[in-house]
Amino acid sequence: MQVKLNPSFKGRDFIAISDYTTEEIFEIFDVARQLKKLQHERIPHHLLAGKTLGMIFQKPSTRTRVSFETGIYYLGGYGLFLSPSDLQMGRGETIKDTALTLSRYLDGIMIRTFDHEEVLELAHYASIPVINGLTDLMHPCQVMGDLLTALEYKGGLSGLKCAYIGDGNNMCHSLLEGGARVGMHVTVACPPGFEPEESILSRARQEAQATGARLEVIEDPWAAVAEADLIYTDVWASMGQEKDAAEKEKHFARYQVNSKLVAAARPDVIVMHCLPAKRGREITDEVMDGRHSVVFDEAENRLHAQKAIMALLMQ
Ligand code: CP
Ligand code: NVA
């Protein structure tokens, strides 16, 4: 099987879902599905033979690190894991100088960091594609894996109803952007004070006009899950918020995805979580391990979605 890569992707960054059109998002899914088949059949697909990806991690990671590192390997390339203690950036070298230097060695950079602006700055100065592996504001690669999973389970995305239960965080932001692009309705249920950022919501709503996706933010998790095809949740305290975890838990007690809440959705609802999960907090064991859960399919699909993104951008 010959995987065709549209040259219009070449050299671009992948920082936010909203940087890509609806057609482009589906084109990425199409490549991801082809690569998944090749991978499962163990057919070599060295689309990035001899190419290198630098992976900057300022926060911990299991899925993102392993899926990018194995992903570039399966594509015939090589990945370098770069922690803050490996890079001079950890000692104050500027992002600009790091970008200009790394662009001389590598064919692409994946970065996970705190401040979203740092990723934008890195991409501005780098002459090679920069891929966002999570910031405090967004987690677009995760949502690509999630939407690919929903597509596989539901056969389509337009018109699906997704209930996002919990913190209006980076996951929630990217999910709103993803919903807007693919025509999936997203109802966020969160406690007052923990809503997604207004600027992201209003821009996503504007973009949703093209696909008909309805994006809303409410308080009541029960109202959110009514008729839901997908229930999505994430940790209540994200990386970097560990000191607020105990305080936050008080606000989120009503927002646990448990069997009772799942039973209030459609009978064929799929339950999603980006992982890592705090079992017994935002999601119960019973749901994580239950028949509606697709959380490990999402984890696997990170690999295939990101391989597609790398192959397209770094071709
Ligand atoms: N979902 C996700 O990004 O997981 P990691 O933090 O393990 O990379
Ligand atoms: N919201 C979580 C997502 C982890 C993949 C965090 O930022 O820690």
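All values below were derived from every heavy atom in this structure, side-chain atoms included, with hydrogens, water molecules and symmetry-related copies excluded. Residue numbers start at 1 and run along the sequence shown. All ligand and atom numbering here is 1-based and tracks the order in the structure.
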TODO: Show your reasoning for whether salt bridge (charged side-chain N to carboxylate O under 4.0 Å, His left out) applies to K278 and E249.
DONE: CA-CA 11 Å; K278 287 267 188 211; E249 270 187 27; over 6 Å; no
Task: salt bridge (charged side-chain N to carboxylate O under 4.0 Å, His left out) evaluation trace for D136 with K59 - done: CA-CA 11 Å; D136 289 345; K59 291 179 178 178; 2.6 Å; yes
Looking only at protein heavy atoms, which one is nearest to [atom], and how far off is it?
| atom | result |
| --- | --- |
| atom 4 (C) of ligand 2 | L134 CD1, 3.8 Å |
| atom 7 (O) of ligand 2 | N170 ND2, 2.9 Å |
| atom 3 (C) of ligand 2 | D234 OD2, 3.6 Å |
| atom 8 (O) of ligand 2 | M239 N, 2.8 Å |
| atom 7 (O) of ligand 1 | T62 N, 2.7 Å |
| atom 5 (C) of ligand 2 | L275 O, 3.6 Å |

Task: ligand 2 contact by D167, heavy-atom criterion under 4.0 angstrom - done: no
Open item on the list: I'd like to know if L275 contacts ligand 1, where contact means a heavy-atom distance under 4.0 Å to any ligand atom.
Closed with: yes
Open item on the list: Given the ring of F81, does R65 sit roughly above its face, with NZ or CZ under 6.0 Å from the centre of the six-membered ring and within 45° of the axis?
Closed with: yes
Open item on the list: So if I apply the side-chain contact (heavy atoms from CB on, under 4.5 Å) rule between I56 and each of L80, D86, I109, which one comes out positive?
Closed with: I109
- [ ] Would you check if D289 and R279 make a side-chain contact, meaning some heavy-atom pair closer than 4.5 Å?
- [x] yes
Task: Residue pair Q315 / N6: nearest heavy atoms and the distance that separates them - done: NE2-O, 3.0 Å
TODO: Ignoring hydrogens, just give me the one of M239, R63, K59 whose non-hydrogen atom is nearest atom 4 (O) of ligand 1.
DONE: R63
Task: Sub-3.5 Å N/O-N/O distance, R112 and ligand 2 - done: no
TODO: Determine whether more than 12 heavy atoms belonging to other residues, nucleotides or ligands lie under 6.0 Å from atom CD of E227.
DONE: no
